[in-house]
Q: 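Before I ask anything, let me first share the structure, which is written out below as structure tokens.
Convention: sequence-line order gives letters A, B, ...; per-chain numbering from 1. Hydrogens, waters and symmetry mates are skipped; everything else that's a heavy atom, side chains included, is used.
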Protein chains: 2
Amino acid sequence: MPVKTNAVRSSAAVEDYLERILELINTKGYARVVDIATSLGISQASVTNMVQRLDGEGLLNYEKYRGLVLTTAGETLARNIARRHQLLTDFLKLLGVDERVIEHDVEGMEHHISPSTLRAIEGLTAQLKRRPALLARLN
Amino acid sequence: MPVKTNAVRSSAAVEDYLERILELINTKGYARVVDIATSLGISQASVTNMVQRLDGEGLLNYEKYRGLVLTTAGETLARNIARRHQLLTDFLKLLGVDERVIEHDVEGMEHHISPSTLRAIEGLTAQLKRRPALLARLN
DNA sequence: TAAAGAAGTTAGCCATGCCTAACTTGGATT
DNA sequence: AATCCAAGTTAGGCATGGCTAACTTCTTTA
Ligand SMILES: [Mn+2]
Ligand SMILES: [Mn+2]
Ligand SMILES: [Mn+2]
Ligand SMILES: [Mn+2]
């Protein structure tokens, strides 16, 4: 029978951690506690704490003093939030919003986008890329 | 000389309270603790607590056991978040997102929209309302 | 191989924002 | 005016997610 993957209920903080961990792994090949801390602008102690929690929740495998790898569940969540981040960024770039503002706003908004809203903005973004007519003089 | 209104740093929770209080006042004429609690789906105790805090922060005037009114600062904040809520709702409605999903997503997203992002989406929404051509077949 | 420094962990703390249970207040009913 | 009950408040607790300070482990270097 098909395996029912329990929809993990993840907070904004959890999503930010997973997203950043995946990004570090993709760019550096690994994600150390110190890297995660620096990248998120928080203390190493906070990262250690969260990493232990995520291990307990089965989102990553963590070996004390060693390192961590995302589980399948963790990577799925990470890719999912990364997708929302990317789409929102694309969309706002299209609208000509300043890069710094985009980063700030997307970092918050990305955690509140349901699948159907995501699809709608995705579709609109695609249309706008094709016909950028009405993008002139937006702000 | 011009009065510099200190930009009050408000959390998502504070914005939700203020927005709801303004809405209650606009529709019922007043905002009782029990109304706010029911409307936000939280306990009266939590509301009492927050209301006392908002009073301390000068966002409303609160008289124990009596009632409360928004200060100018509080009402400004309330109108501001209400505006973000309305715009996002309009925008997603235009995209054909389901009402329930809109409500859910907007309630979260509204707290992460900078002024320039707001203006950009505002402009886009206006354009789309004028030429709804590319809104066909979005989802 | 021993020491030093970087990385990681633990302990204890704090703010936010929610809860329930128990108590108080005030307005309506009689 | 006494009583009742809805509304309001207080006390105490909990989860989340930060922090610093102090300690431990690992790695690199002399
Ligand atoms: Mn984020
Ligand atoms: Mn992100
Ligand atoms: Mn909200
Ligand atoms: Mn709202």
Q: To the nearest 0.5 Å, what is the distance between CD1 on B/I36 and CG on B/D16?
A: 12.5 Å
Q: State whether A/S11 places a side-chain N or O below 4.0 Å from either non-bridging phosphate oxygen (OP1 or OP2) of D/dG17.
A: yes
Q: Between P on C/dG17 and NE2 on B/H111, what's the gap in Å once rounded to a whole number?
A: 11 Å
Q: Without decimals, in angstroms, what is the distance between A/L54 CG and D/dT16 P?
A: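 For the pair A/L54 CG and D/dT16 P, the rounded distance is 12 Å.
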Q: Should A/Y17 be listed as having a side-chain N or O under 4.0 Å from OP1 or OP2 of D/dG18?
A: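 For A/Y17, the contact criterion (side-chain N or O under 4.0 Å from OP1 or OP2 of D/dG18) is met.
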Q: Does a side-chain heavy-atom distance below 4.5 Å link A/M109 with B/I113?
A: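 They are in side-chain contact.
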Q: Pull out every residue in residues 27-39 of chain B that has a heavy atom closer than 4.0 Å to any atom of DNA chain D, ordered by number, or say none.
A: B/R32, B/V33, B/V34
Q: To the nearest 0.5 Å, how far apart are NZ in A/K129 and NZ in A/K93?
A: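 Between atom NZ of A/K129 and atom NZ of A/K93 there are 9.5 Å.
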Q: Starting at atom CZ of A/R53, determine the distance to atom P of C/dT10, rounded to an integer number of angstrom.
A: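 Rounded to the whole Å, the gap is 17 Å.
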Q: Check side-chain contact (heavy atoms from CB on, under 4.5 Å) between B/S39 and all other residues, then give those that pass, not counting sequence neighbours.
A: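 B/S39 satisfies side-chain contact (heavy atoms from CB on, under 4.5 Å) with B/R20 only.
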Q: Just grab all the ring-ring contact (aromatic ring centres under 6.0 Å, His included) pairs involving residues 86-131 of chain B, residues at least two apart or on different chains.
A: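 Sorted pair list: A/F91-B/F91, A/H112-B/H112.
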Q: Atom pairs under 3.5 Å, N or O on each side, protein against nucleotides 19-23 of chain C: can you list them with distances?
A:
residue, atom, partner, partner atom, Å
C/dC19, OP2, B/S43, N, 2.8
C/dC19, OP2, B/S43, OG, 3.1
C/dC19, OP2, B/S46, OG, 2.8

Q: Could you tell me the separation between the CD atom of B/Q52 and the C1' atom of C/dG17, rounded to a whole number of Å?
A: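 The answer, rounded to whole Å, is 14 Å.
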Q: For B/R131, which residues count as a side-chain hydrogen bond (donor to acceptor under 3.5 Å, both in side chains) partner, sequence neighbours excluded?
A: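 For B/R131 there are no side-chain hydrogen bond (donor to acceptor under 3.5 Å, both in side chains) partners, ignoring immediate neighbours.
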Q: Produce the list of close N/O pairs, under 3.5 Å, pairing protein atoms with atoms of nucleotides 24-28 of chain C; give distances to one decimal.
A:
residue, atom, partner, partner atom, Å
C/dG27, OP1, B/R66, NH1, 2.7

Q: Using a 4.5 Å cut-off on heavy atoms from C-beta on, say whether the side chain of A/S10 contacts that of A/Y17.
A: no
Q: From CE of A/M50 over to P of C/dT10, roughly how many Å is that when rounded to an integer?
A: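 From A/M50 CE to C/dT10 P: 16 Å.
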Q: For residues B/V14 and B/M50, determine if any side-chain heavy atom of one lies less than 4.5 Å from a side-chain heavy atom of the other.
A: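 They are in contact (side-chain heavy atoms under 4.5 Å apart), so the answer is yes.
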Q: Do NZ/NE/NH1/NH2 and the carboxylate oxygens of B/R84 and B/E19 come within less than 4.0 Å?
A: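 Salt bridge: no.
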Q: Determine, stepwise, if the pair B/D90 / B/Q86 fulfils side chain to side chain contact (heavy atoms under 4.5 Å, CB included).
A: CA-CA 6 Å; B/D90 286 355; B/Q86 186 62 55; 2.9 Å; yes
Q: Is A/L118 linked to A/I81 within one hydrophobic cluster, defined over Ile, Leu, Val, Met, Phe, Trp and Tyr using a side-chain heavy-atom separation of less than 4.5 Å?
A: no
